[in-house]
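Report on one structure; see the data block that follows.
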Amino acid sequence: MPADANAYGDIFGGWLMSLMDSGAGLIAARYSHGRAVTVAMDGMQFHAPVKVGDEVSVYGKLAKVGRTSMAIQIEAWRRDRHQEESIKVTEAVFTFVAIDEAGKPRAVKQEK
């Protein structure tokens, strides 16, 4: 939407990072069976702009699991509303830590 963009119609990078963080958070919560919080994100490089009106898709997968942490690889893709081709605009690895009710790290429940 226009409120999420600069004067040239390019979506703010922070808006896109927020969308990616939300997607990674869903994966972390589902895998850890509870609350998980973002603790880090690797360097992000933008390969192409996202324009107001573009369709944005975010795809993620679990890349690594530690005792309390999870690394989640996320890609963001854009598609012009009048085109079929999608273009990858950025990617990053978000690190989440599973936490308990007191906000302390807890072990990730490993799936078998």
Side-chain angles (χ1 to χ4, degrees):
M1 298 303 292
D4 301 315
N6 63 26
Y8 299 102
D10 297 329
I11 297 298
F12 292 130
W15 180 89
L16 188 55
M17 287 187 344
S18 175
L19 186 67
M20 294 169 72
D21 187 39
S22 293
L26 290 170
I27 293 168
R30 186 173 61 238
Y31 187 83
S32 69
H33 304 284
R35 187 170 178 201
V37 294
T38 310
V39 295
M41 181 195 74
D42 73 353
M44 180 182 274
Q45 194 174 59
F46 295 96
H47 307 295
V50 176
K51 299 287 189 185
V52 170
D54 284 349
E55 174 187 286
V56 178
S57 299
V58 176
Y59 303 98
K61 66 180 180 180
L62 193 63
K64 182 180 174 187
V65 179
R67 193 179 75 74
T68 63
S69 66
M70 296 153 284
I72 299 161
Q73 183 180 357
I74 298 287
E75 295 181 349
W77 292 70
R78 66 164 285 276
R79 185 182 65 80
D80 180 283
R81 67 174 58 198
H82 304 295
Q83 305 293 321
E84 293 298 321
E85 179 186 10
S86 292
I87 299 167
K88 183 164 67 169
V89 294
T90 191
E91 61 188 309
V93 175
F94 287 77
T95 302
F96 280 76
V97 168
I99 60 171
D100 62 19
E101 298 80 24
K104 303 293 183 194
R106 64 176 173 82
V108 174
K109 297 177 183 173
Q110 301 287 330
E111 294 182 358
K112 304 209 184 230

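Only a predicted model underlies this, so the values are computations on that prediction, with no experimental measurement involved.
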For residues 5-14, please give each side-chain donor-acceptor pair under 3.5 Å, one per line with the distance, not counting sequence neighbours.
residue : atom : partner : partner atom : Å
N6      : OD1  : Y8      : N            : 2.8
N6      : OD1  : G9      : N            : 3.2
N6      : OD1  : D10     : N            : 3.1
D10     : OD1  : K51     : NZ           : 2.6

(message) If you compare all heavy atoms of M70 against all heavy atoms of A98, which two are closest, and at what distance to 0.1 Å?
(response) CE-N, 4.2 Å
(message) Could you report the tightest heavy-atom contact between E55 and S57, atom names first, then the distance?
(response) OE2-OG, 4.0 Å
Group every Ile, Leu, Val, Met, Phe, Trp and Tyr by side-chain heavy-atom contacts under 4.5 Å, then state whether [X] and [Y] land in the same group.
X   : Y   : result
V56 : W77 : no
L26 : V65 : no
V50 : F46 : yes

(request) Decide if atom CZ of R79 counts as having more than 12 heavy atoms of other residues, nucleotides or ligands within a radius under 6.0 Å. (result)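 Yes - once you tally the heavy atoms of other residues, nucleotides and ligands closer than 6.0 Å, there are more than 12.
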About how many Å separate [atom2] of [Y] and [atom1] of [X], when rounded to the nearest 0.5 Å?
X   : Y   : atom1 : atom2 : value
M44 : M17 : CE    : CE    : 6.0 Å
M20 : Q73 : CE    : CD    : 9.5 Å
I27 : I72 : CD1   : CD1   : 5.5 Å
D21 : L16 : CG    : CG    : 11.5 Å
L62 : R30 : CG    : CZ    : 9.5 Å

(message) Taking side-chain contact (heavy atoms from CB on, under 4.5 Å) as the criterion, tell me which of V39, T68, V37 meets it with I99.
(response)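 In the set V39, T68, V37, the residue that makes a side-chain contact (heavy atoms from CB on, under 4.5 Å) with I99 is V37.
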(request) Kindly indicate whether the side chain of R67, heavy atoms from C-beta on, has any atom under 4.5 Å from the side chain of P105. (result)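 Result no, sub-4.5 Å side-chain heavy-atom pair not found.
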For residues 83-97, which side-chain N or O atoms pair as donor and acceptor with protein atoms under 3.5 Å away, sequence neighbours left out?
residue : atom : partner : partner atom : Å
K88     : NZ   : E91     : OE2          : 3.2
T90     : OG1  : Q45     : O            : 2.9

